[in-house]
Amino acid sequence: MNNIKLYNKISQVGLDVFDTTKYNVSEDVTPADGILVRSAALHEVEFDKELLAIARAGAGVNNIPIDRCSEQGIVVFNTPGANANGVKELAIAALLLASRNIVGGVNWALSLKGQEDIGKLVEKGKSKFVGPEVKGKTLGVIGLGAIGGMVANTAHSIGMKVVGCDPYITIKNAWSLSRAIRKADDYDAIYAESDYITYHIPSLPSTKGIINKENIAKMKDGVRIINLSRGDLANIPDLVEALESGKVASYVTDFPCEELLGLPNVVCIPHLGASTPESEDNCAIMAAEQLVDYIENGNIRNSVNYPEIQLARTESNRIIVLHNNVPNIITQISGALASDNVNIESLLSQAKGNNAVSIFDTNDNITERVVADIAAIQGVVRVLAR
């Protein structure tokens, strides 16, 4: 039996992926062969030596010690795109909130309770909450992955001009974009022509603080900014200064902080991007399926620290080797197998940076000695027999 440890409440449809004759799934199992997690911080957790993989039911993995996992041969999965529609819908709502001061108007209307002739007061006071329509305006989309691409297409469908930029766009995501979405050569082009800018990029050393004084200066006066990606994309002091001066007309974010709460032209949403039943179900199912496929077959999909690798099972036995991406190591592994009279029927190897995975299929028996001989090769991090 394989033990799957839960660090958060996971949607039941995800837990149903695990065959109960093969898996124990609980918050209390030990030692853990796999971990399912959402937002729980794992940086201080001491992992069991048996731990093979961690699956995050969501896209961000800031709560997982990726480098330590790589050193220990622990594959870390996430679920990109599983919550894309939920975040896309909130982004479109945020676009309207940024434009029409709906939140300010609602809060003002609530303040009228108990007063006489509310209808007259409404007609007299509503002009304070006038805001522009989005139709015909230009939306700049920074990041055209699963979410950004959907936002771009939807914004175009409601009459906006849309320009996008993503230096790392995949072929799959590029094919999903409407032909009406114009490509910008760089972020500066987005800043220069956009009335609204929405960010759909991860938090990386290169993106933290990207909403800063220097970049805001390149934007149109009165630009409206939406950030549902990560709070640390914004340099908060620079953003507050721009909001107070009117350079940024409004800011809508899914990441409230002390400095932004209460500002009249800021809408802080309590991290609701993926908080839909559908998103939670989709993330749980994808995370569980990826975990099962790796534990049982060594196949890797959507890992943040190891390469994509999938090999159909055609032979009776399989060896999965996690190793450093260095010269001659596959030759050494093949040699060790030959010395132990194990014939390789099929082989697939992939690398991602310094981390690599090789799968060897065979019809010969895989003994403990075979595993030990491969594990003894310098640069091999982990060996699994399946």
Side-chain angles (χ1 to χ4, degrees), residues 83 85-141 147 150-162 193-200 211 216 219-229 231 233-234 236-279:
N83 59 10
N85 188 70
V87 180
K88 179 263 292 186
E89 290 185 358
L90 190 66
I92 298 302
L95 190 63
L96 301 175
L97 292 173
S99 205
R100 299 292 295 272
N101 197 8
I102 297 167
V103 172
V106 168
N107 290 336
W108 176 76
L110 288 172
S111 73
L112 301 179
K113 185 174 177 62
Q115 299 187 44
E116 294 183 2
D117 206 346
I118 290 175
K120 283 187 177 180
L121 292 174
V122 166
E123 290 304 313
K124 182 178 180 180
K126 68 181 183 180
S127 61
K128 294 185 293 185
F129 306 102
V130 169
E133 298 178 14
V134 299
K135 183 178 180 180
K137 307 301 192 304
T138 298
L139 172 67
V141 182
I147 297 169
M150 293 176 73
V151 171
N153 289 343
T154 303
H156 167 68
S157 73
I158 61 174
M160 298 193 79
K161 303 171 187 176
V162 183
E193 64 174 297
S194 298
D195 303 298
Y196 302 76
I197 297 174
T198 181
Y199 288 83
H200 300 283
I211 306 172
I216 291 172
M219 300 177 187
K220 285 185 173 182
D221 291 343
V223 66
R224 298 168 191 269
I225 299 174
I226 296 98
N227 172 21
L228 305 185
S229 291
L233 296 184
I236 299 301
D238 288 359
L239 177 60
V240 169
E241 181 180 337
L243 286 162
E244 291 176 342
S245 72
K247 174 69 178 183
V248 175
S250 61
Y251 181 69
V252 181
T253 183
D254 214 13
F255 304 93
C257 67
E258 177 68 25
E259 297 88 343
L260 295 176
L261 289 171
L263 293 182
N265 46 354
V266 173
V267 176
C268 288
I269 304 169
H271 201 185
L272 298 181
S275 294
T276 69
E278 297 85 353
S279 289

For T154 and V151, indicate whether the former's side chain and the latter's backbone hold a donor-acceptor pair under 3.5 Å. no
How many angstroms lie between atom OG1 of T276 and atom CG of L90, to the nearest 0.5 angstrom? 10.0 Å
Counting heavy atoms not belonging to K128, are there more than 12 under 6.0 Å from its NZ? yes
Would you indicate whether the side-chain heavy atoms of R224 and V248 approach each other to under 4.5 Å? no
Hey, does N85 have a side-chain heavy atom less than 4.5 Å from the side chain of S279? no
Does K161 NZ have over 12 foreign heavy atoms under 6.0 Å away? no
Show the nearest heavy-atom pair for residues L233 and Y199, with the distance to one decimal. CD1-CB, 4.1 Å
Other residues, nucleotides, ligands: >12 heavy atoms within 6.0 Å of E258 CD: no
Any side-chain heavy atom of S99 sitting closer than 4.5 Å to one from K137? no
For the CG atom of L121 and the CD atom of E123, what is their distance to the nearest 0.5 Å? 10.5 Å
Taking every heavy atom of A234 against every heavy atom of L239, the minimum-distance pair comes out as CB-CD2, 4.1 Å
What heavy-atom pair brings A98 and S250 nearest, and what distance separates the two atoms? O-OG, 2.7 Å
Rounding to 0.5 Å, atoms CD1 (I226) and CG (L95) come to a distance of 5.0 Å
Less than 4.5 Å apart, side chain to side chain, heavy atoms only: is that true for D238 and I211? no
Is any side-chain heavy atom of T253 closer than 4.5 Å to one of Y251? yes
Which distance, rounded to the nearest 0.5 Å, do you find between the CG of N265 and the CG of N101? 9.0 Å
If I take atom OG from residue S194 and atom CE from residue M160, how far apart are they, to the nearest 0.5 angstrom? 9.0 Å
Working to the nearest 0.5 Å, report the span between CD of E133 and CG of L96. 10.5 Å
I'd like to check I225 versus M219 (side-chain heavy atoms, cut-off strictly below 4.5 Å). Are they in contact? yes
Minimum heavy-atom distance between V162 and A155, given as atom pair plus value: CG2-CB, 3.9 Å
Please tell me if the side chains of N83 and I147 come closer than 4.5 Å, counting only heavy atoms from C-beta onward. yes
